[in-house]
Trainee: 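The structure's right below; bear with me while I get my questions together.
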There are 2 protein chains.
Amino acid sequence: MGNAKQLRKSAELALCYPAVGEAPLGEAEAADLAGVLAALADPIRLRLLSIVASHDEVCSCDLEGPLGKSQPTVSHHTRVLAEAGLLTGERRGRWVWWRVEPTRLAAVRKALGA
Amino acid sequence: MGNAKQLRKSAELALCYPAVGEAPLGEAEAADLAGVLAALADPIRLRLLSIVASHDEVCSCDLEGPLGKSQPTVSHHTRVLAEAGLLTGERRGRWVWWRVEPTRLAAVRKALGA
DNA sequence: CAGCAGTATCGATCTACATCAATGTGTTGG
DNA sequence: CCAACACATTGATGTAGATCGATACTGCTG
């Protein structure tokens with residue numbers, strides 16, 4: 001019915017960081033980038049992200065099984081990834097459908113990149 | 001006089017992970033990759049890495065000042081980065097000289113790649 | 001409206017880690 | 001051989017986060 005709602009847009013998300021090799025990072029940039037990396041630095045979240053990336057869209061209820069985690073735990077991890085800007089959730093009816101945000105991953109790659 | 005010693009080669013470091021978008025990560029691969037990302041997910045370590053990357057070599061004593069951290073803390077962070085395979089330390093006389101391991105950063109970028 | 005299903009939040013617990021003072025180890029110079 | 005320096009390790013402390021049971025919220029459905 002088109003009543004889809006975007007969920008949890010996070011505060012300020014830089015789309016570009018200076019690459020690690022270019023110049024010493026400032027404290028603010030380092031803290032921001034560390035936040036995104038911390039969201040990625042969890043085995044469950046990495047597997048969650050790869051599951052969502054492998055399909056186009058995945059709903060939360062289809063994640064509990066493959067991940068072997070409880071519903072509150074899965075909800076927690078999707079939230080962390082969404083707040084880091086790596087995932088986008090859209091509510092359709094009772095379900096929330098998740099997609100990856102490729103721009104965000106590309107920004108992290110570039111920040112780590114030569 | 002040529003008695004340089006490599007420091008803290010870490011256990012098993014994969015040079016290649018399946019990219020996040022390709023196929024769901026296995027638990028072992030996810031845990032391994034999460035380990036490297038956890039080493040990167042710290043503002044101090046990111047700044048440390050960018051300082052080392054900006055120069056060719058940096059000795060530990062030149063890191064305390066820019067980072068504003070105590071000597072044991074700097075030693076702790078260099079150790080974490082070295083065990084993650086991101087930094088290589090070489091002892092020459094009293095000093096330890098640190099270099100980045102570009103291959104390792106490239107592997108992380110590739111794993112995060114679309 | 002009542003009941004159910006998918007999600008989110010809360011509260012509690014356990015574990016991991018960042019930090020630094022104190023101390024240990026190894027190296028150079030006198 | 002000793003004193004000074006660079007770095008590593010240990011022990012203690014505070015904080016952040018992963019997990020799950022219980023519970024609240026939200027949109028379907030009968």
Side-chain angles (χ1 to χ4, degrees), chain A residues 1-10 27 30-31 34-49 52 57-84 87-98, chain B residues 1-10 27 30-31 34-49 52 57-84 87-98:
Chain A
M1 280 87 165
N3 57 346
K5 282 193 279 186
Q6 291 297 98
L7 299 183
R8 285 191 285 273
K9 285 181 193 169
S10 48
E27 299 192 15
V36 190
L37 288 167
L40 287 168
D42 182 283
I44 303 295
R45 286 197 286 269
L46 281 177
R47 287 172 53 212
L48 198 163
L49 197 67
V52 176
E57 287 182 327
V58 177
C59 94
S60 299
C61 55
D62 289 329
L63 289 170
E64 300 176 30
L67 293 176
K69 293 293 166 184
S70 71
Q71 180 270 320
T73 299
V74 171
S75 180
H76 165 68
H77 287 303
T78 51
R79 176 193 187 114
V80 171
L81 287 171
E83 285 179 342
L87 236 50
T88 303
E90 188 177 325
R91 173 151 229 152
R92 298 195 210 120
R94 302 192 261 206
W95 299 276
V96 176
W97 296 90
W98 298 101
Chain B
M1 315 292 203
N3 57 345
K5 283 192 279 186
Q6 289 299 96
L7 300 182
R8 285 191 288 270
K9 284 182 193 168
S10 48
E27 299 192 15
V36 189
L37 288 167
L40 287 169
D42 182 284
I44 303 294
R45 286 197 286 269
L46 282 176
R47 288 172 54 211
L48 198 163
L49 197 68
V52 176
E57 288 182 326
V58 176
C59 91
S60 300
C61 55
D62 289 330
L63 290 169
E64 300 176 30
L67 294 175
K69 293 293 165 183
S70 71
Q71 180 268 321
T73 299
V74 171
S75 179
H76 165 67
H77 287 305
T78 51
R79 176 193 188 114
V80 171
L81 288 171
E83 285 179 343
L87 235 51
T88 302
E90 187 178 325
R91 175 150 228 153
R92 297 196 210 121
R94 304 193 257 206
W95 297 276
V96 175
W97 295 90
W98 298 101

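Chain letters run A, B, ... following the sequence lines, proteins first, then strands; residues in each count from 1.
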Trainee: Rounded to whole Å, please give me the gap between CZ in B:R79 and C1' in C:dA18.
Mentor: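 Computing the B:R79:CZ to C:dA18:C1' distance gives 15 Å.
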
Trainee: Starting at CG of B:D42 and ending at C1' of D:dA16, how long is that distance when rounded to a whole Å?
Mentor: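 These atoms are roughly 12 Å apart.
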
Trainee: How about B:L63 and B:T78: do any of their side-chain heavy atoms sit closer than 4.5 Å?
Mentor: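 In short, these two side chains touch, coming nearer than 4.5 Å.
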
Trainee: Do any side-chain atoms of residues 38-48 of chain A form donor-acceptor pairs under 3.5 angstrom with protein atoms, and if so which ones, sequence neighbours left out?
Mentor:
unit_1: A:D42; atom_1: OD1; unit_2: A:I44; atom_2: N; d: 2.9
unit_1: A:D42; atom_1: OD1; unit_2: A:R45; atom_2: N; d: 3.2
unit_1: A:R45; atom_1: NE; unit_2: A:A39; atom_2: O; d: 2.6
unit_1: A:R45; atom_1: NH1; unit_2: A:H77; atom_2: ND1; d: 3.0
unit_1: A:R45; atom_1: NH2; unit_2: A:A38; atom_2: O; d: 3.3
unit_1: A:R47; atom_1: NH2; unit_2: A:P66; atom_2: O; d: 2.9

Trainee: Going by heavy atoms closer than 4.0 Å, what residues in residues 57-70 of chain A are next to DNA chain D?
Mentor: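 Result for residues 57-70 of chain A: A:K69, A:S70, sorted by number.
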
Trainee: From C:dT28, D:dT19, C:dA8, pick the nucleotide closest to the side chain of B:R94?
Mentor: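 When the side chain of B:R94 is considered, C:dT28 is the closest of C:dT28, D:dT19, C:dA8.
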
Trainee: Should A:R45 be listed as having a side-chain N or O under 4.0 Å from OP1 or OP2 of D:dA18?
Mentor: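 Yes.
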
Trainee: What is the distance, to the nearest angstrom, from the CH2 atom on A:W97 to the P atom on C:dT7?
Mentor: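 So the two atoms are 9 Å apart, to the nearest Å.
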
Trainee: Which residues satisfy the salt bridge (Lys or Arg N to Asp or Glu O under 4.0 Å) test with B:E64, sequence neighbours excluded?
Mentor: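 Salt bridge (Lys or Arg N to Asp or Glu O under 4.0 Å) list for B:E64, sorted by chain: empty.
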
Trainee: Has the side chain of A:Q71 got a donor or acceptor that lies under 3.5 Å from a partner of the other kind on the base of C:dA8?
Mentor: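 Yes, the side chain and the base share a sub-3.5 Å donor-acceptor pair.
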
Trainee: State, yes or no, whether a side-chain contact exists between B:L81 and B:V52 at a heavy-atom distance under 4.5 Å.
Mentor: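 No; the side chains remain at least 4.5 Å from each other.
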
Trainee: Within the sub-3.5 Å range, which N or O atoms of nucleotides 10-13 of chain C have a protein N or O partner, and how far apart are they?
Mentor:
none

Trainee: Does a side-chain N or O from B:S75 land closer than 4.0 Å to OP1 or OP2 of D:dA8, or not?
Mentor: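 Yes, within the criterion.
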
Trainee: What is the distance from atom CZ of A:R94 to atom OG of A:S60, rounded to the nearest 0.5 Å?
Mentor: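 If we round to the nearest 0.5 Å, A:R94:CZ and A:S60:OG are 14.5 Å apart.
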
Trainee: Rounding to an integer number of Å, can you tell me how far A:L37 CG sits from D:dA16 P?
Mentor: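 In whole Å, D:dA16 P lies 19 Å from A:L37 CG.
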
Trainee: Please report, rounded to the nearest Å, how far the C1' atom of C:dT7 is from the CD atom of A:E90.
Mentor: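 For the pair A:E90 CD and C:dT7 C1', the rounded distance is 16 Å.
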
Trainee: List for me each residue that meets side chain to side chain contact (heavy atoms under 4.5 Å, CB included) alongside B:C59, sequence neighbours excluded, and say none if there are none.
Mentor: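 For B:C59, the residues satisfying side chain to side chain contact (heavy atoms under 4.5 Å, CB included) (neighbours in sequence not counted) are B:C61, B:D62, B:W95, B:W97.
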
Trainee: Do you know the tightest heavy-atom contact between A:W98 and A:A82?
Mentor: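 Smallest heavy-atom distance, with atoms named: CZ3-CB, 4.0 Å.
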
Trainee: From CD1 of A:I44 over to C1' of C:dT15, roughly how many Å is that when rounded to an integer?
Mentor: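 Going from A:I44 (CD1) to C:dT15 (C1'), I get 15 Å.
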
Trainee: May I ask you to verify if any side-chain N or O of B:T73 is less than 4.0 angstrom from the OP1 or OP2 atom of C:dC20?
Mentor: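 True: B:T73 side-chain N/O within range (under 4.0 Å) of C:dC20 OP1/OP2.
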
Trainee: Hey, does A:H76 reach any base, or is it just sugar-phosphate, or nothing, if we go heavy atoms under 4.0 Å?
Mentor: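 Base, at least one base atom sits under 4.0 Å.
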
Trainee: May I have the distance from A:E83 (atom CD) to C:dT9 (atom P), rounded to whole angstrom?
Mentor: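 In whole Å, C:dT9 P and A:E83 CD are 9 Å from each other.
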
Trainee: Working to the nearest 0.5 Å, report the span between CD of A:E57 and CD of A:E90.
Mentor: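 So the gap between those two atoms works out to 6.5 Å.
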
Trainee: Roughly how many Å is it from CG in A:L81 to C1' in D:dG17, rounded to a whole number?
Mentor: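 After rounding, the reported distance stands at 14 Å.
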
Trainee: Using the side-chain hydrogen bond (donor to acceptor under 3.5 Å, both in side chains) criterion, which residues pair with B:E27? Sequence neighbours excluded.
Mentor: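 So B:E27 forms no side-chain hydrogen bond (donor to acceptor under 3.5 Å, both in side chains) with any residue.
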
